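Single-structure report; data block below.
Start at 1 and go down the list; that is how both ligands and their atoms are numbered. Note that the coordinates shown come from a computational prediction; the quantities given were computed from them, not determined experimentally.
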Amino acid sequence: MSTLFPLVAKGAITSRRGKVLVGPVDLTLDGRGTCVVIGPNGAGKTTLLRLLHGAARLTKGSITWACPTEQARHNQAFVFQRPVMLRRSVEENLIYPLRAHGMPKAEARDLAQNWAERVGLQEMLRRPAPVLSGGEQQKLALARALIINPKLVFLDEPCASLDGRAMREIEAILHEASSNGTRLVLSTHDMGQARRLADTVVFLLNGQVHEQAPSSKFFTAPETPQAAAFLKGDIVE
Ligand SMILES: Nc1ncnc2c1ncn2[C@@H]1O[C@H](COP(=O)(O)OP(=O)(O)OP(=O)(O)O)[C@@H](O)[C@H]1O
């Protein structure tokens, strides 16, 4: 039983220089499955993920967890569209978050090896992370996020610009993480990916949650004309 959830956002707004970027958002997330955030360019997907993660300033409203916020932050990770790597080896990139969580070095090294195998990077443990391909870097970023066994991972367009094979491998890792009880909140432009991964969908429009539904319902019978138009591929503003 998770102690983080529900995550409850009430009237949450993030603004910059007086301009509201996202909000007001009312959203409750329980601790299971994959929530996919979709919406037109600039709708606020990245900003919403950052806001919920605590990486964007909460200007107004509240975001609360079932546990103290610090504890919630400690149990979550964020995977960026462009992976941010330490300029060190694959192994050191995997060991780093474990050491930051206080794990002894030998144990951290064993776990790093184990995770490198799980994501197919076992041959590359000693290689500098920056020389990996885009797909390999994203698999490393995922492994580095999941290695601390977080209760929640935010992923912002994790497969943008990756080829089909890398995308398939990454989706397999995400399926496994979700089955193992890690809550995923993922933004994507790729409606195929949204259909493959989503248990629930949040449709954002102009910085607000326009519709939220189980994926089976959202993709077959969206409630609003804007969501229906978006799914048809129309331009929605
Ligand atoms: N640092 C910033 N300063 C000012 N405005 C910003 C900043 N970051 C984002 N915005 C604005 O906030 C709005 C939401 O942007 P965001 O990147 O979250 O949308 P998105 O749905 O992820 O877009 P995309 O699909 O293009 O990635 C946009 O109008 C964007 O121009």
Side-chain angles (χ1 to χ4, degrees), residues 7-29 34-63 72-73 76-85 134-135 137-138 141-142 145 152-164 166-167 170-171 174 183-213 215 218-219 222-237:
L7 157 63
V8 181
K10 278 194 187 152
I13 291 178
T14 184
S15 51
R16 185 170 272 232
R17 294 194 196 96
K19 182 184 169 225
V20 172
L21 303 185
V22 160
V25 166
D26 292 305
L27 190 69
T28 300
L29 280 181
T34 298
C35 171
V36 173
V37 179
I38 59 175
N41 290 340
K45 301 180 290 295
T46 300
T47 309
L48 175 67
L49 264 50
R50 295 183 70 240
L51 178 64
L52 297 176
H53 181 56
R57 197 165 63 92
L58 178 68
T59 314
K60 228 177 179 183
S62 64
I63 294 175
R73 299 252 165 89
Q76 58 184 266
F78 199 107
V79 175
F80 298 92
Q81 182 173 343
R82 288 173 198 275
V84 183
M85 297 288 128
Q137 287 198 13
Q138 197 56 294
L142 260 183
L152 166 65
V153 182
F154 292 102
L155 305 111
D156 186 22
E157 294 274 358
C159 297
S161 74
L162 297 187
D163 63 24
M167 191 181 299
I170 282 169
E171 288 186 9
L174 295 177
R183 180 66 153 126
L184 303 177
V185 180
L186 172 146
S187 74
T188 185
H189 274 106
D190 179 340
M191 286 308 105
Q193 178 167 73
R195 286 171 196 266
R196 288 190 296 277
L197 294 178
D199 295 302
T200 56
V201 175
V202 167
F203 175 59
L204 272 190
L205 194 57
N206 298 322
Q208 305 209 339
V209 177
H210 197 75
E211 196 164 328
Q212 184 183 7
S215 65
F218 182 83
F219 288 119
E223 271 178 11
T224 62
Q226 290 87 345
F230 181 76
L231 287 177
K232 251 176 51 197
D234 290 350
I235 295 170
V236 180
E237 292 175 272

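- In plain terms, the two heavy atoms of Q76 and A72 that are nearest each other are NE2-O, 3.0 Å.
- Aromatic ring pairs are classed by plane angle as parallel below 30°, tilted from 30° to 60° and perpendicular above 60°; the pair F203 and H210 is perpendicular.
- The shortest heavy-atom contact between A145 and V79 is CB-CG2, 3.6 Å.
- Shortest non-hydrogen contact noted between A227 and P222 is CB-CB, 3.8 Å.
- Closer than 4.0 angstrom to ligand 1 by heavy atom are R16, K19, L21, P40, N41, G42, A43, G44, K45, T46, T47, H189, sorted by chain and number.
- Minimum interatomic distance between A9 and I63 (heavy atoms only, all atoms of both residues): CB-CG1, 4.2 Å.
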Problem set entry | Intermediate values then yes/no, side-chain contact (heavy atoms from CB on, under 4.5 Å), V202 and V36 | CA-CA 6 Å; V202 167; V36 173; over 6 Å; no
